[in-house]
Protein chains: 2
Amino acid sequence: MTAAGSAASAGERRSVTDPARLHEAALRLFAQHGTSGTSLQMIADELGVTKAALYYRYKTKDELVLGVVRPFLEELLRVLEAAAARRGRRAQVEAVLTGLVDVVVRGRGLYVVLVSDPTVAHLLGEHPLLRRAGDELVALLAGPDPDAAARVTVSLFLTGLVGPLHDPACADVDDEELRSTLLALGRRLLLPHRAPHR
Amino acid sequence: MTAAGSAASAGERRSVTDPARLHEAALRLFAQHGTSGTSLQMIADELGVTKAALYYRYKTKDELVLGVVRPFLEELLRVLEAAAARRGRRAQVEAVLTGLVDVVVRGRGLYVVLVSDPTVAHLLGEHPLLRRAGDELVALLAGPDPDAAARVTVSLFLTGLVGPLHDPACADVDDEELRSTLLALGRRLLLPHRAPHR
DNA sequence: GTCTATAATGCGATAGAC
DNA sequence: GTCTATCGCATTATAGAC
């Protein structure tokens, strides 16, 4: 919906006014260097503007980071809402999985920043409204009153999703195959299974 | 072996000369704020010394980061060596899994820094000697000529290992249970399995 | 809405006393 | 082996011209 199409037409000089351009550039740098390792200067250079121009849109660097991450979180919350409306745990898990994998694969770098950047984690921890996303996600996938193993499993899966997104060994995997593989892995980990031979 | 025991006796003023103390403090900060988000000042404060004192041990910040990560990588390489000496893919995977999970659980924060800090990733990419660890690890777990699904699976598992280590939802899980759960998940993901009902 | 210019602070790193 | 002091530079952030 809010795809990259609007800004993809050409190398035209669009200005920072278009938030999509800023988000796209900042995100790429955040994913590559982390938010702490990315200066406003780097973002400004990438956009062909000056640092000061960025301060017209965002009062602080923290707000910029949140601004980049927020749309992704909101998309995730919509997935969770839709999933929570389903009846039956199995249907809920399935809905979360498909929605989550889709958002994550489309988002690529965004999810990396979201789960593995300490600064972002800290910022989200301070905004309880945004924090809900993570908590609800875990609750839906782990089910009610999850034991230790279930919690570890969910945590491993959610964290692990980022791996294939930027692993050079998986660079040749196209989005469709990545989606279906991650989905299969999610089902294998999160849906009831036969216990392994012991 | 080089456990935390040597420096754990009391709050005694040990000085930076003892590398274990420096590594411990730096690691905690790296895991919490990322390497870019951790200044030498923060490390020095944590140790009760000045920035300048750190420069006696390490010429640059990069060298300090590598110094903290290296012992962990070497431990990992020993695990890989031992595993590679086994006969049969199944035994190799099993050996890598048990060794890896043990090192990761004991290392805790170290693995977080290793897999999710962009600066560390970049530094390791420049030292081909250290880079071997990651490559060999993937090769051993994914097997010869792995298809896309196998590569995605290995990547998800290796990245996912960090999740439960610092997820608050898993904070109550003790090391032993964590180890056995991660091991079970690894087997489930990386050893041949019956295809799911489709 | 973007610029130049600059303030204020913190950074990594060095020099030299002890 | 650790200190104080400092250099040079990058950083976040602001003020004011256009």
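Protein chains get the first letters and strands the later ones, always in sequence-line order, with residue 1 at the start of each.
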Atom pair distance, as rounded to whole Å: NZ in A:Lys61 and P in C:dG10: 15 Å

A:Gln41 CD - D:dA13 C1' separation (whole Å): 13 Å

Determine which pairs satisfy salt bridge (Lys or Arg N to Asp or Glu O under 4.0 Å) with at least one residue from residues 152-176 of chain B, sequence neighbours left out, and list them in order. A:Arg151-B:Asp172, B:Arg108-B:Asp175

For A:Arg187, which residues count as a salt bridge (charged side-chain N to carboxylate O under 4.0 Å, His left out) partner, sequence neighbours excluded? A:Glu94

Without swapping roles, check the side chain of [X] against the backbone of [Y] for a donor-acceptor pair under 3.5 Å.
X: A:Arg90; Y: A:Leu191; answer: no
X: A:Thr159; Y: A:Leu156; answer: no
X: A:Lys61; Y: A:Thr35; answer: yes

How far does NE2 of A:His122 sit from CG of A:Asp62, to the nearest 0.5 angstrom? 9.5 Å

Quick one: on DNA chain D, does B:Tyr56 or A:Met42 contact a more 5' nucleotide (nearest heavy atom)? B:Tyr56

How would you list all residue pairs meeting side chain to side chain donor-acceptor pair (under 3.5 Å) that involve residues 71-80 of chain B, not counting sequence neighbours? B:Glu75-B:Arg106

Short side-chain N/O contact to D:dC3 OP1/OP2 from B:Thr50, under 4.0 Å: yes

Could you work out, with side-chain hydrogen bond (donor to acceptor under 3.5 Å, both in side chains) as the rule, every residue matching B:Thr181, not counting sequence neighbours? none

Please write out the pairs of protein N or O atoms and N or O atoms of nucleotides 14-18 of chain D separated by less than 3.5 Å, giving the distance to one decimal.
none

What parts of residues 30-40 of chain B reach DNA chain D, counting only heavy atoms under 4.0 Å away? none

